Protein chains: 2
Amino acid sequence: MEMDGRKRKILDAIIRNYLETGEPVGSRTISRYTDLHLSSATIRNEMSDLEEMGYIVQPHTSAGRIPTDKGYRLYVNSIVEQKTQHAEAMNSLMIYRTTRLEEMLKQVVRILASQTQYTTMISAPSYRGNKVKFIQLTRITSRQLLNVVVIEGNIVKNHLFDLTEDIDEETVGRLNFLLNSRLNGLTLMDINLGLISNIKEEAGVHADVVSDVLDTIAEVIRAETDENMEIYTSGANNIFRYPELADSSKAQLLISTIEEKSGLADFVKETRERESQGETGIQVYIGDESPVEEMKDCSVVTASYDLGDGLTGTIGIIGPKRMDYEKAMRNLKEVKKSLNNIFGSVRMEDEPTGPGDPGDVG
Amino acid sequence: MEMDGRKRKILDAIIRNYLETGEPVGSRTISRYTDLHLSSATIRNEMSDLEEMGYIVQPHTSAGRIPTDKGYRLYVNSIVEQKTQHAEAMNSLMIYRTTRLEEMLKQVVRILASQTQYTTMISAPSYRGNKVKFIQLTRITSRQLLNVVVIEGNIVKNHLFDLTEDIDEETVGRLNFLLNSRLNGLTLMDINLGLISNIKEEAGVHADVVSDVLDTIAEVIRAETDENMEIYTSGANNIFRYPELADSSKAQLLISTIEEKSGLADFVKETRERESQGETGIQVYIGDESPVEEMKDCSVVTASYDLGDGLTGTIGIIGPKRMDYEKAMRNLKEVKKSLNNIFGSVRMEDEPTGPGDPGDVG
DNA sequence: TGTTAGCACTCCAACACAATGAGTGCTAAC
DNA sequence: GTTAGCACTCATTGTGTTGGAGTGCTAACA
């Protein structure tokens, strides 16, 4: 059995109709819905074939057909191919400039959720590959130090910590010099235990203080692992818009998964993985294709974004399998673009290459 | 009609039974449940009285009775009075020391949610009344400054920002001195527009740079309003454990409210308000007593916590009206205590004054 | 050979209906 | 004041019953 043009048209019609209604679609509906002008009986024959081929199924005898994951997959692939269409202007995202990266990300998922009516997620950009730009140790009291690390991409990490013995200004100055000269320009990944013990040795008598300080820096790095990836979500309540997800047990599972975030992190990882294998652009996970068991009743559409300065992350839309894939993909593209623009302009200001108003991340 | 001891016992039995089962409770149940040894008929008479008095209602004829808000209220009040009992040791919270306040708060709500099986919330402590301890302006590049503000309670706020014109080290040094001498020791509330324009004037030629810097500080303050209060939640999925909240429409409403956080902020405000009016300890909002319309099917139990150093916030448990109030209150008390301990010990290191009493708790 | 009309069949969804039983209020007896 | 007994109410549950949407199959048609 092979797929001819007519079968494709019918399958498309079935899927499109099901996306709208969420109800199984019957042969009669299609017979009127399409411009094929075929009787329901003919459609029935074709549908029977499509079912045999695995693109659609009947939930039960004497019901219409609904798409299988395989069917959705074919449909989504075809969208991806003809993606040049839909140049229609989208009302742009209107992300307000904020000073804090975190706020900005929260704003983005929020807007995206309200615009798509789906649940949305965004991962905070990873900066493991970014270089240390500046380290500053400041003495607050004789036993309390403030450590500030500025990382490329204008990420600022600070840490206030207490010492077990007094420290004087001069020592702090020496440590500042030592740290900056040894660590500046290295990426967070470069800073490993060996290097740290090296520096500790070099610090000599103040090794224990240095140890504290370096542990702090180590913690900044530690905070940047996949396990405790920062992920923001929005629009969790939107799952109730889709009856197939809204029943108590499924909703509970989904809400937990969204709240826990560890499942979402798997999508971020998977997306990063695939992207590194050359697969670029928007990615779609349909049902069982999901890396997360709990989300097998959903589809997830993801994309990576790039703020520049090595700051990349993943943004995703979570919906029912019958989600409006085109809309989701369109919106994600729009977000990608907006994020690029936002930070494009910031970067210009960052280096004295152009004019602009102040704004930054930190 | 007045409330005698027997009526109280019966009402208590009804409520307790309803808390467990969530089902309307009938006279026969009570007749066996209590140690009063009364027949169901007698109980029926009393229940009829209790209904007339407004403590219980029948969802429909020929159903058992369920407590009204008024009934719950009486019950809760009686718990509060005899709170000395239940000295039974609770497995303590096991909050791991973390460096970041935010992480710690997230951990707390999480543990509390898993222990109570309710939805929980915690507001980040307000530090508007806290004094500026230390301000540091650092020149990263000729047009980029890093501003770090350390506030009492070891709150660190940083902000990286770009200037429209170059700045040299010397100027930065002067600004540092100016800012510290003028702002240190003031609370964030004290720093108003008048003061800021004063300082701008004083800065003379570098007024525009100072303006930028001060705007930054102003923003730290701005971030500390009720409108964008930081609130962390956990266990939103727990609402599905209670059928009376789990149906699609109610669940959606609740999930939204929890996600939006603005409603939760109202509880924080209300709790703060009441506490400032002398009402201390644990507070309980039953149904319509809630300041938030969307939560009238729930009960909310809140308490304020005090980390010392002026860092106070609110922690709350959200559940169905038939929640286990005793358990909720017990857990909140435990959390209060734990939070005090955690920061008590930190403060000990913090100031070399010795083992200070970390603020009292009921 | 592909398309269509017609028909028998299936099965979900909706509805009505009765049976069940938990629970009440009332009354009369203790 | 307490209790047993009884009639009554009503949500819930189960059981048909029906209607309709949809299918598969067959036979007729172009």
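Residue numbers start from 1 in every chain, and the chains themselves are labelled A, B, ... in the order their sequence lines are given, proteins ahead of strands. Predicted model only: the values in this text are computed from it and were never measured.
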Practice problem: Specify the separation, in whole Å, of atom CG of A/Asn45 and atom C1' of C/dG2. | Solution: 10 Å
Quiz prompt | Nucleotide nearest A/Arg44 when distance is taken to its side chain, options C/dG6, D/dC10, D/dC6 | solution = C/dG6
Self-check item: Minimum-distance nucleotide to B/Ser39 side chain [options: D/dT3, C/dT24, D/dC10]
Solution: D/dT3
Quiz item: Is the number of heavy atoms from other residues, nucleotides or ligands within 6.0 Å of CZ (A/Arg274) greater than 12?
Solution: yes
Practice problem: Among C/dG25, D/dG24, D/dT2, find the nucleotide with the atom closest to the side chain of A/Gln58. | Solution: D/dG24
Practice problem: Could you check how far CD1 of A/Ile10 sits from P of D/dT23, rounded to whole Å? | Solution: 12 Å
Exercise. Identify the nucleotide, in any strand shown, that forms a Watson-Crick or G-U wobble pair with C/dC30, with both distances under 3.5 Å; if there is none, say none.
Key: D/dG1
Practice problem: Write down the distance between CG (B/Leu36) and C1' (D/dG1), rounded to a whole number of angstrom. | Solution: 14 Å
Quiz item: What are the two closest non-hydrogen atoms of A/Glu244 and A/Arg322, and how far apart are they?
Solution: OE2-NE, 2.5 Å
Quiz item: In terms of the angle between their ring planes, are A/Tyr118 and A/Tyr242 parallel, tilted or perpendicular, with boundaries placed at 30° and 60°?
Solution: parallel
Self-check item: d(OH, B/Tyr18; P, C/dG23) in whole Å
Solution: 14 Å
Quiz item: Does the salt bridge (charged side-chain N to carboxylate O under 4.0 Å, His left out) test come out yes or no for A/Lys321 and A/Glu289, once each step is laid out?
Solution: CA-CA 11 Å; A/Lys321 284 194 205 171; A/Glu289 297 172 8; over 6 Å; no
Quiz item: Quick one: A/Ile43 CD1 to D/dG24 C1', roughly how many Å, whole number?
Solution: 15 Å
Quiz item: In whole angstrom, what separates A/Lys7's NZ from C/dT3's C1'?
Solution: 14 Å
Quiz item: Which base sits across from D/dT15 as a Watson-Crick or G-U pair, both distances under 3.5 Å?
Solution: C/dA16
Self-check item: Phosphate OP1/OP2 of C/dT24: any B/Ser27 side-chain N/O under 4.0 Å
Solution: yes
Exercise. Calculate the interatomic distance between B/Asp49 atom CG and D/dT2 atom P; express it in whole Å.
Key: 12 Å
Quiz item: Can you check whether A/Thr314's main-chain N or O pairs, donor with acceptor, with A/Ser123's side chain at less than 3.5 Å?
Solution: yes
Quiz prompt | Check: C/dT10 base within 3.5 Å donor-acceptor of A/Thr61 side chain | solution = no
Practice problem: Quickly work out the A/His60 NE2 to C/dC11 P distance and round it to whole Å. | Solution: 10 Å
Quiz item: From D/dT2, D/dG24, D/dC10, pick the nucleotide closest to the side chain of B/Thr42?
Solution: D/dT2
Exercise. Could you check whether A/Ala41 gets within reach of a base, just the sugar-phosphate, or nothing at all, counting any heavy atom under 4.0 Å?
Key: base
Quiz item: Is B/Ser62 side chain donor-acceptor paired with the C/dT24 base, going by distance under 3.5 Å alone?
Solution: no
Practice problem: Look at A/Arg65 and D/dT23 and indicate whether a side-chain polar atom (N or O) is within less than 4.0 Å of OP1 or OP2. | Solution: yes
